[in-house]
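This report concerns only the one structure given below.
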Amino acid sequence: MEFTQLLKQLKPNPRILFNEEEINGIKARVIDNGRGNRIDFKGAWENTLQLAESYVVEQEFTVIYSGCSVQLNIPLPLVQLDPIDDPPGYIDYPFWTMYSRAVEDRIRYLAFAYGMTKEKRFAEKVKEYLIALSSFTRWFEFLPRGAEGNLSNAHFTIGAAIGYDAIFHTLSNEEKNAIKKAILVKGLQPFGIDFNNYDSHNIIASKRVAMLIGSLAILDNDCKEEVEPFILNSCAYIKNYLDSRMRDPGIEGLLYLNVAARHILMAVDTYHRSTEDYEFLKHAYFNFLPDIFIYTLGTAGKSSFVNFSDSFYSLDISYLMAIIASKNQNQIASWYMNKFSESHLETLLNSNNIPEPMEPENYYENKYSNIFPTIGWASLRSGWKENDHLLAFNASQSAKNHNHFDQNNFILHVAGEWLITNPGYQDYVEGPRREFTIGTIGHNSMLINEVGQSQMGRSKFVDWHTSENFSFVIGEATDAYDTSISQWERKNLHIDKSYFVIVDKVVKKDADGILSFLFHTTAQIYVGDQNILPGEKIEESHIEFVGDKASASLYICYPNDIKKSLEQHVGAKEYGSYLKVVPSENEQLQYVVTIIVPHIVKSEFDYSITNDGSFFSIQVNREKIIDYILVNEDRKSVWQTTSNGTVTFQGEQGWVSLLNDEPMPSKFSVMNGSCLIVQGNTVIETTEAMNISGFFEEDEAKLQLELQKDTKVLIKTVNPTNILINGEKHQNEAAIYHSEKGLLELNLKHGMYVIDLFF
């Protein structure tokens with residue numbers, strides 16, 4: 001948009017945090033409390049008002065820095081914070097970050113309370129903060145660095161912009177000019193050092209967002225020329241940020257994704273409110289954001305998230321979900337708001353006209369698992385409900401400051417509990433806690449000769465597939481290590497939404513190199529009825545991680561000669577213990593196979609495994625079901641047969657499930673294959689290699705196909721009464737039934753297909 005056009009379309013104050021129309025809508029929602037929504041708008045307003053009232057009368061406030069055990073008492077009226085000595089082990093500890101956030105939060109609540117009530121006491125308190133900030137010599141903490149690598153000037157600028165905009169009509173011309181000048185000189189102008197910096201780092205993003213919000217707050221004819229460069233530059237940054245997020249592999253964990261996304265959304269929402277331009281809000285990135293958070297959300301109605309990199313299990317993403325639900329009519333974001341939103345200001349402010357919520361299973365059309373290859377994260381899950389489970393896996397190229405040495409790492413959530421765990425946020429003080437929280441030793445990854453990864457990132461997904469009942473992902477993490485290995489692929493297969501098979505393939509530089517595979521937990525560990533304690537060795541192959549309501553069985557399947565022990569990292573015992581698995585073979589090429597079974601109630605489970613070079617044949621018996629799993633670790637399509645001859649296919653890997661000894665499979669998958677034979681019957685045959693997954697039931701069947709070329713597919717089945725191809729009735733020669741052979745012929749162009757057959 002041309003700047004002159006922007007100025008013409010600019011809405012009157014207030015236009016940053018809210019406008020008068022939105023305030024009227026919020027008042028209506030509070031009165032009728034959402035008209036059937038599960039969001040407690042009345043409670044949110046009561047909590048917001050109570051907090052704003054406490055801010056009016058407080059004489060001081062406290063800022064707690066839990067990471068370094070420091071507490072600051074900030075007297076009011078506000079004065080510029082004096083320099084503070086660094087805590088032990090830290091250099092340039094950023095005290096002003098939390099200090100400035102506390103100021104921004106107070107202004108936000110007070111400004112909103114004024115907008116809702118028009119009570120003078122709220123406006124006067126906001127003005128007190130604005131006049132105090134205007135008297136500061138600077139809004140950044142470290143004088144030699146200026147605004148470089150500093151969040152405080154972003155928070156102060158946003159807070160000042162919100163306050164100035166909200167009480168604009170109560171200010172005298174002299175007060176307006178003083179506050180405008182402070183926002184321009186102390187806020188915007190120091191951001192000039194980042195004009196050519198398009199890094200997506202959360203600090204850079206926060207500053208460029210503050211640049212736009214501060215500019216939109218003070219923009220008028222009197223300062224057009226001074227403010228114009230900041231608006232144009234911040235808009236260019238935001239456009240580039242949104243575009244690059246769709247292709248950039250960098251991710252610093254969900255905590256900082258939320259921080260950056262919150263600020264970006266704050267900017268684009270403010271831009272829309274100020275100009276009524278939807279350009280930014282409609283970007284595809286705002287479809288990706290709710291998906292990554294919902295797929296990494298825990299189960300059993302718990303608002304608990306994957307804590308890869310510097311992050312925590314507990315995150316408040318209400319702002320993000322509220323904006324996307326209300327502005328983009330996103331039904332999964334609405335589901336999150338209805339289920340997890342808290343009764344606070346963000347819920348109240350940003351839940352305008354949210355759509356009907358839709359549960360994940362329906363919204364994602366039973367796509368339970370999802371792969372995010374750009375960032376190298378995978379979510380393999382059975383669902384989101386009470387007894388479901390989630391295995392999250394990462395093999396990422398990202399090597400930012402908040403990442404860890406944790407490639408090919410995974411964690412497991414079962415029925416509301418984290419049973420295979422990550423340490424979460426790193427400890428910045430040198431010592432065993434830092435070594436554990438940032439290093440490979442603290443993650444469910446691999447050591448070579450007791451040494452972890454030497455490089456952050458440098459990993460990727462090399463193959464993956466998701467379907468309703470069979471999904472897999474392969475991570476390649478070789479380059480994260482030094483030259484002691486020349487390959488490490490970790491394959492995670494999710495079978496029938498019931499259990500996981502993990503196949504590790506490692507090529508060592510020296511045959512006598514010692515590999516250690518780690519499985520961390522804060523749960524109790526049992527072998528049979530015996531509770532295993534740190535320092536004990538384990539002879540059995542079946543180990544159980546037992547939580548309060550759920551458990552996970554680990555079967556160390558291959559090789560037979562393997563050492564197992566329970567360990568704790570000295571100086572980091574609060575993070576729990578870990579199972580250490582060490583193959584005893586002195587081979588350059590090493591395979592390790594592990595089966596993980598999430599449990600709510602223990603059930604029948606038994607397995608057998610055979611190996612011939614790169615070929616593995618696994619048979620699993622469970623509750624009247626027999627699963628046959630075939631894997632070629634050379635990742636080539638070849639003929640493979642189970643050890644008992646029941647299943648044969650041409651392909652790279654696959655799975656067949658037989659129910660109650662029936663001759664035909666109830667469920668199956670073949671990857672990069674062209675033929676499936678079960679008990680002598682050819683079930684699937686194709687002219688080209690493809691990926692196929694599906695199930696057969698008495699009255700229907702469903703097939704998911706990924707075709708790289710135009711392909712003829714022959715399926716052994718009774719004559720369907722109805723055939724849907726990608727949800728539509730088939731036409732012409734796409735589907736032909738050969739009754740004399742009992743074969744359905746599908747002639748399909750290359751692409752993705754879902755075939756529904758009804759009998």
Residues [X] and [Y]: side-chain donor-acceptor under 3.5 angstrom:
X	Y	value
Ser309	Asn403	yes
Gln619	Ser608	no
Gln407	Ser445	no
Asn394	Ser396	no
Gln590	Glu585	yes
Ser693	His465	yes
Asn611	Tyr558	yes
Asn632	Ser614	yes
Ser200	Arg245	yes
Tyr481	Asp479	no
His404	Asp310	yes
Thr466	Ser369	no
Arg434	Gln426	yes

Does atom [atom1] of [X] have more than 12 heavy-atom neighbours from other groups under 6.0 Å away?
X	atom1	answer
Glu604	CD	yes
Glu539	CD	no
Asn560	CG	no
Lys302	NZ	no

Take Val683 and Ile677, measure what side-chain contact (heavy atoms from CB on, under 4.5 Å) needs, and give me the verdict at the end. CA-CA 6 Å; Val683 179; Ile677 302 170; over 6 Å; no

Near-ring test [Y]/[X], centroid separation under 6.0 angstrom:
X	Y	result
Phe615	Trp639	no
Phe519	Tyr578	no
Tyr313	Trp418	yes
Phe605	Tyr555	yes
His389	His599	no
Phe461	Phe372	no
Phe472	Trp464	no
Phe649	Phe668	no

For side-chain contact (heavy atoms from CB on, under 4.5 Å), just list the numbers for Phe470 and Leu493, CA-CA rounded to whole Å, side-chain angles, deciding distance to a tenth of an Å, and then say yes or no. CA-CA 7 Å; Phe470 176 87; Leu493 300 104; 3.8 Å; yes

Just by modelled atom types, is the [Y] backbone N or O under 3.5 Å from a matching donor or acceptor in the [X] side chain?
X	Y	value
Glu252	His201	no
Lys624	Asn660	no
Asn258	Leu255	no
Thr648	Thr641	no
Thr440	Phe405	yes
Asp627	Ile495	no
Glu476	Thr478	yes
Arg381	Leu297	yes
Asn672	Gln653	no

Go through it in stages, so that I can follow the logic: the residues are Phe293 and Tyr336, the test is ring pair (Phe, Tyr, Trp, His ring centres under 6.0 Å), and I'd like the CA-CA distance, side-chain angles, deciding distance and then a yes or no. CA-CA 10 Å; Phe293 280 100; Tyr336 183 90; 8.4 Å; no

Candidate pair Thr421 and His520, rule side-chain hydrogen bond (donor to acceptor under 3.5 Å, both in side chains), full reasoning: CA-CA 5 Å; Thr421 56; His520 291 79; over 6 Å; no

Assess the residue pair Gln708 and Met690 against the criterion (side-chain contact (heavy atoms from CB on, under 4.5 Å)); give the C-alpha distance rounded to whole Å, side-chain angles, the decisive distance to 0.1 Å, and a yes or no. CA-CA 7 Å; Gln708 299 299 317; Met690 66 175 185; over 6 Å; no

Assess whether ring pair (Phe, Tyr, Trp, His ring centres under 6.0 Å) is satisfied between Phe616 and Tyr591, documenting all intermediate values. CA-CA 10 Å; Phe616 287 88; Tyr591 293 107; 5.2 Å; yes

Passing option when His402 is tested against Ile438, Ile251, Asn202 for side chain to side chain contact (heavy atoms under 4.5 Å, CB included): Asn202

Straight-line distance of Leu533 CG to Gln524 CD, nearest 0.5 Å: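 It is 8.0 Å, given to the nearest 0.5 Å.
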
